Amino acid sequence: MLPRQQTLRAVVDWSWDLLEGAERWCCGGLRCSRAGVIWRRPGGVRGAEAGDVLDVLGALVDKSLVVASPGGADALPAA
């Protein structure tokens, strides 16, 4: 592994270690694509769980691990 990759890996590991359980779960459900970050957990997000995920995503935004963009509730994928 190149030194610059080792440094990037250390930053990601450090950030991951700072997350709580729900934040790790939520991050594990995200996938990057050209369209942005999408939810990849089987079954999608529904009801109260969607509110929980939005709260956790807000915490990830506060920690600068996710960047929020306009789209509203319609941005959540259908189950």
Side-chain angles (χ1 to χ4, degrees):
M1 188 179 288
L2 297 172
R4 69 176 181 270
Q5 292 170 329
Q6 291 173 351
T7 302
L8 180 58
R9 178 62 187 226
V11 168
V12 171
D13 287 345
W14 178 78
S15 295
W16 183 261
D17 290 342
L18 294 176
L19 299 178
E20 298 175 9
E23 294 167 336
R24 288 183 183 190
W25 179 85
C26 192
C27 276
L30 301 175
R31 183 185 63 159
C32 295
S33 73
R34 288 182 181 214
V37 177
I38 60 172
W39 186 255
R40 66 182 177 111
R41 293 266 186 211
V45 179
R46 293 188 195 136
E49 184 182 62
D52 297 340
V53 170
L54 292 177
D55 290 342
V56 174
L57 279 173
L60 295 175
V61 168
D62 291 344
K63 293 180 178 183
S64 300
L65 293 174
V66 173
V67 176
S69 63
D74 294 336
L76 288 174

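What you see is a predicted model, and the numbers here were worked out from it, not measured in a lab.
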Query - CD/Glu20: more than 12 non-hydrogen atoms of other groups inside 6.0 Å - result: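 Open: at most 12 neighbouring heavy atoms sit under 6.0 Å from CD of Glu20.
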Query - Residues in salt bridge (Lys or Arg N to Asp or Glu O under 4.0 Å) contact with Asp13, at least two apart in sequence or another chain - result: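 Arg9.
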Query - Linked hydrophobic residues, Val11 as query - side chain contacts closer than 4.5 Å - result: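 Members other than Val11 - counting any ILVMFWY side chain reachable under 4.5 Å - there are none.
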Requested in this report: Can you see which heavy atom on Leu60 is nearest to which on Glu23, and at what distance?
Outcome: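 Heavy atoms of Leu60 and Glu23 come nearest at CD2-CB, 3.9 Å.
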**Report entry** Same apolar cluster (I L V M F W Y, side chains within < 4.5 Å links), Leu8/Leu65
**Finding:**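 Cluster IDs for Leu8 and Leu65 differ.
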Report task. Using the rule that two of Ile, Leu, Val, Met, Phe, Trp, Tyr join whenever any of their side-chain heavy atoms come within less than 4.5 Å, decide whether Trp25 and Val12 are in one cluster. Result ->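 Trp25 and Val12: separate clusters.
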Query raised in the report: In a check of side chain to side chain contact (heavy atoms under 4.5 Å, CB included) between Cys27 and each of Leu57, Leu19, Val56, which one passes?
Result: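 Answer after filtering Leu57, Leu19, Val56: Leu19.
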